Every structure is written in structure tokens, then in C-alpha cells.
J.: 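The structure is given below, and queries will be raised subsequently.
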Amino acid sequence: VITKAHEEAAVHALRSEKFIDGESTYKFKTALQMKFGRKYCSLCNSGTSALSIAIRAAIICHYIASKSKIFTTPLSFISTATAITMSGCTPVFRDVDEYGMMTPSYKDGVHIPVALYGKRYPYIDECKGVVIEDDAQAHGTHNLNTLANCFSFYTTKNLTVCGNGGAILTDDEKFHKVIESLINNGRVPGKNYEHQYVSSSYRINNINAALGMVNLKLLHDQITQRRFFAATYNSTLMDLPQVQIISEPVHDHTFHLYVIKVHKKLRDDLRNYLYQHKIETGVHYPYLIYQQQPYLSFAKKLPKAEKMVKEIISLPMHNKLTFDDVMYVANTIRSFFGYEKI
Ligand SMILES: Cc1ncc(COP(=O)(O)O)c(C=O)c1O
């Protein structure tokens, strides 16, 4: 949703600020630190980069060994794993619980859990060792007792910069300084052509940061609206034994996605029925990461995750829906299962 405030912020950044490292970049960083409750924030060009950079910085700081095995979830966007692989480490996929949350390993090690769909990751205290949390979908339901929180501002996310962007937040100063350098081709701080690490250009564009700043001010109200719609779905679908609600409690969820589970034999029929009633749905995700080409050699049987990908449906969720839209979706699901409309 592009408002006058977005237009003005973008034009102001374009005309009056530096394209890289301009005033809006600084303001967006500072605002995120304060809003998300961490001491340091670095901005970069995507959530995928944020994860890779955080892993590499943890290696450089000797918080984790190079080529570490990293516990993570197979039920995520592929970046969670590719960031691990591209940093020279190896993903070790764990099974998920009935809400799609990675089960902890209880072993000392390195963990990258995902706050999937925007739900706060509930097993953070059981993840022993170093934790880098993938909060790409969870702006505001991230856990603070981690080494880092990695966010995505990709266009579909609750908080976007109108394109690609990402952030890494932490309380660790040494780690933060390494991250800042890695984002900027491994430069020595303050020196234009002196470099300390092998890295790449991961910098964010200042106009994107200006737009992010406008969106950050809208975030709280948008999440409140999403929670209201999620609570509406929950209360309208809760008496259907065929539907499993996996989005409670709503106050600990930001509802990047609203997902239900139904029996795998009915899932595609329900999706088609909704489509015929002009309701588009999604599946996040249709395959586990280890069922995809780059990770086939990692394949291991994780029964709960394999069951879940066949049962999940993402229903329409956006702060610009109306109450009537949500009731229409919920009532169409009710009629599919032969229940009276509410
Ligand atoms: C869970 C998860 N991790 C990582 C990413 C990668 O973020 P980006 O698309 O900004 O690179 C995404 C977003 O697409 C995501 O949903």
C-alpha cells in the first residue's frame, strides 16, 4: 500500500540524501533497534543475506566453528538452509511439532530455528549453544535470548521496504562490528580501500530504508488487524473437527501467514473449492527443504514434517482484508465440510 508518506519519504531520500548509508538508513537502523529491543542493528539487502552474514560473523568471532553442523528446520523457505550451506556449514534437519515449530536438539550446538508464519519460536530455552533465529516472518515475535535475529523485508513480509531488504539485530558489539564490515565488502571501518574479510556488497539502498521507516510506523496497527482476523478465523472454524487450528495464542503471533491443517486427502479438494469461490490460498511449503533438488542427499525421514506439508493451507491474510472477507472465507470452508454458515 503506497501512501503519500511513502512517496514523500522516497522523493526526499532521492533528492536530499546519499543513496548508500544516507540519513534514512541510519534512522531506520536506530528505530529498529529500539522497537525490536536489541542494542545493535545492521541493515542489508535481503533476509537471505542477513542469515549468511550472521553465520559468517559468528565463525569469524569464534562463536561457532567453521564448517559447523547447524540444527534447523526442513519446513521453511529454502534460504534458511542455503544460508547455512553457502557459509560452509551443514544443515542438520530436525522434525517439527504439530504447529510446524522445529523440535530442539537439547544438545549443545548451533541452532537456526524459524519463527514460522510469524509464531514466536517456543523452544528457545531448550536450544543450547549458539542461536541465530530466522525471524524473516516474525517482526515483533522474535526471541531476545539469541545471538542474533535475522529479518527479511521482502515485499510480501509484514514489514517491507518495498523491495528487498534485511536486518540483523544483536546485543553483541564485537559480532555487530564484524557484521557491519561483512555487509560492506569486508572493509576496515572508516577506511575506503582497506579490507579485513572476504565478503561481498550486501548494502541496503537508502531509498528502501526511507520506505522501511514509513512502514515501521504502520507495523503495530497492521499486526493488531491481522491478529483480529486470525481470531475471527479461529472462532469461526473451531467447531469443525476436520480443521486443525494451529495459530494460537494469537497475541504471540504476527500472522505473516494464517495456516490451518486438514486431512491430506481433503487438502487439495478444499483448495479447489475455495478457488471456485474466488478465494486464493497457498501452501507454505509444498515440499520440505530436504525434498528439494539441492538437499536430496540430506534426505532423512522426519515423519511429522512430512505429514504436515501435505495438510497445510495458508488462508488469505492481510491487514487490508475486511471482516466480511474473512467471514466469507471461513463460511466457505464451513460449507465445504457441510456446516452451517455463521
Ligand atoms: C523463513 C524465511 N527465511 C528466509 C527468507 C529469505 O528472505 P529474503 O527473501 O529477504 O531473502 C524468507 C523470505 O522469503 C523466509 O520466509
Side-chain angles (χ1 to χ4, degrees), residues 28 32 36 41-56 70-87 89 91 93-94 96 99-102 111-124 131-143 146 148-169 179 182-183 200-205 208-209 211-212 215-216 219 226 246 253-259 282-290 292 294-295 305 308-309 312 314 317-318:
F28 189 37
L32 281 169
F36 288 175
C41 172
S42 302
L43 292 172
C44 61
N45 58 357
S46 74
T48 309
S49 302
L51 286 163
S52 298
I53 294 162
I55 299 165
R56 284 207 50 218
I70 300 185
F71 297 116
T72 194
T73 173
L75 183 58
S76 184
F77 184 62
I78 197 151
S79 297
T80 312
T82 50
I84 295 173
T85 310
M86 290 174 76
S87 314
C89 296
F93 296 111
R94 305 267 320 153
V96 299
Y99 302 99
M101 300 284 132
M102 176 184 96
H111 294 76
I112 302 196
V114 178
L116 193 68
Y117 310 143
K119 183 177 170 62
R120 186 183 301 280
Y121 179 65
Y123 306 114
I124 202 74
V131 181
I132 294 170
E133 196 169 72
D134 182 342
D135 292 311
Q137 305 181 355
H139 310 86
T141 39
H142 52 289
N143 285 303
T146 59
N149 303 104
C150 296
F151 295 94
S152 162
F153 304 131
Y154 177 66
T155 304
T156 57
K157 300 293 189 272
N158 288 15
L159 177 58
T160 178
V161 293
C162 303
N164 271 317
I168 308 144
L169 280 88
I179 287 169
L182 289 177
I183 287 171
S200 188
S201 296
Y202 296 110
R203 296 174 292 253
I204 196 166
N205 181 303
N208 278 19
L211 293 165
N215 286 331
L216 186 60
L219 182 66
R226 283 171 186 258
I246 57 167
H253 206 308
T254 50
F255 294 102
H256 166 57
L257 294 166
Y258 179 88
V259 176
V283 174
H284 298 85
Y285 295 90
Y287 305 103
L288 298 174
I289 294 176
Y290 67 72
Q292 308 234 29
Y295 290 99
M308 187 151 169
V309 283
I312 41 184
S314 308
M317 173 52 78
H318 193 272

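As the structure lists them, so they are numbered: ligands from 1, and atoms in each ligand from 1. The figures here come from the full heavy-atom set of this structure, side chains too, leaving out hydrogens, waters and symmetry mates. Fair warning: this is a prediction, and the values are worked out from it, not measured in the lab.
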J.: Quick one: sort the Tyr121 and Tyr123 rings into parallel, tilted or perpendicular, breaks at 30° and 60°.
T.: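 Taking Tyr123 first and then Tyr121, their aromatic rings stand perpendicular (interplane angle over 60°).
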
J.: Quick one: does ligand 1 sit under 4.0 Å from the side chain of Ser46, the backbone, both or neither, non-hydrogen atoms only?
T.: both

J.: Give a yes/no on ligand 1: does Phe151 have at least one heavy atom closer than 4.0 angstrom to it?
T.: no

J.: Just which atoms of ligand 1 are under 4.0 Å from any heavy atom in Ser76?
T.: 1 (C)

J.: For the 3.5 Å polar cut-off, considering only N or O atoms, please tell me whether Thr48 and ligand 1 meet it.
T.: yes

J.: Check each heavy atom of Tyr117 against ligand 1 and say whether those closer than 4.0 Å belong to the side chain, the backbone, both or neither.
T.: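 Contact part for Tyr117 vs ligand 1: neither.
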
J.: Should you measure from each heavy atom of Val114, which atoms of ligand 1 turn up under 4.0 Å away?
T.: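 So the answer, numbered in order with elements, is 1 (C).
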
J.: So which protein heavy atom does atom 16 (O) of ligand 1 come closest to, and at what separation?
T.: Gln137 NE2, 2.8 Å

J.: Taking atom types as modelled and ignoring hydrogens, do the side chains of Asn164 and Asn45 form a donor-acceptor contact shorter than 3.5 angstrom?
T.: no

J.: Would you mind listing which atoms of ligand 1 come within a distance below 4.0 Å of any non-hydrogen atom of Thr80?
T.: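 Answer, ordered by atom number: 3 (N).
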
J.: Among all protein heavy atoms, pick the one closest to atom 14 (O) of ligand 1 and tell me residue, atom and distance.
T.: Lys157 NZ, 3.0 Å

J.: Which residues pass the ring-ring contact (aromatic ring centres under 6.0 Å, His included) test with Tyr287, not counting sequence neighbours?
T.: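 Residues passing ring-ring contact (aromatic ring centres under 6.0 Å, His included) with Tyr287: none at all.
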
J.: Taking all heavy atoms of Thr80 and all of Thr72, pick out the closest pair and write down the distance.
T.: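 Smallest interatomic distance, heavy atoms only, reads CG2-OG1, 3.3 Å.
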
J.: Could you work out, with salt bridge (charged side-chain N to carboxylate O under 4.0 Å, His left out) as the rule, every residue matching Arg120, not counting sequence neighbours?
T.: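 With neighbours one apart ignored, the set is Asp252.
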
J.: Among all protein heavy atoms, pick the one closest to atom 3 (N) of ligand 1 and tell me residue, atom and distance.
T.: Asp134 OD2, 2.8 Å

J.: Any luck finding a side-chain donor-acceptor pair between Asn215 and Thr160 under 3.5 Å?
T.: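 No, no side-chain donor-acceptor pair sits under 3.5 Å.
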
J.: With atoms numbered from 1 as shown, which atoms in ligand 1 lie under 4.0 angstrom from a non-hydrogen atom of Tyr285?
T.: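 Heavy-atom distances to Tyr285 below 4.0 Å select 16 (O).
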
J.: If we ignore angles and hydrogens, is there a donor and acceptor under 3.5 Å between the side chains of Ser49 and Ser46?
T.: yes

J.: Does Asn164 reach ligand 1 with a nitrogen or oxygen that is under 3.5 Å from one of the ligand's nitrogen or oxygen atoms?
T.: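 Between Asn164 and ligand 1 (N or O atoms, distance only) the closest approach is not under 3.5 Å.
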
J.: Looking only at side chains, do Arg226 and Asn158 share a donor and an acceptor under 3.5 Å apart?
T.: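 Per modelled atom types, Arg226 and Asn158 side chains form a pair under 3.5 Å.
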
J.: Which residue and non-hydrogen atom of the protein lie closest to atom 2 (C) of ligand 1, and at what distance in Å?
T.: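 Ranking protein heavy atoms by distance from atom 2 (C) of ligand 1, first comes Ala136 CB, 3.4 Å.
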
J.: Measure the acute angle between the ring planes of His139 and Phe153, then classify it against the limits of 30° and 60° as parallel, tilted or perpendicular.
T.: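 Parallel: the ring planes of His139 and Phe153 meet at under 30°.
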
J.: Nearest protein heavy-atom contact for atom 9 (O) of ligand 1: which residue, which atom, what distance?
T.: Tyr154 CB, 3.8 Å

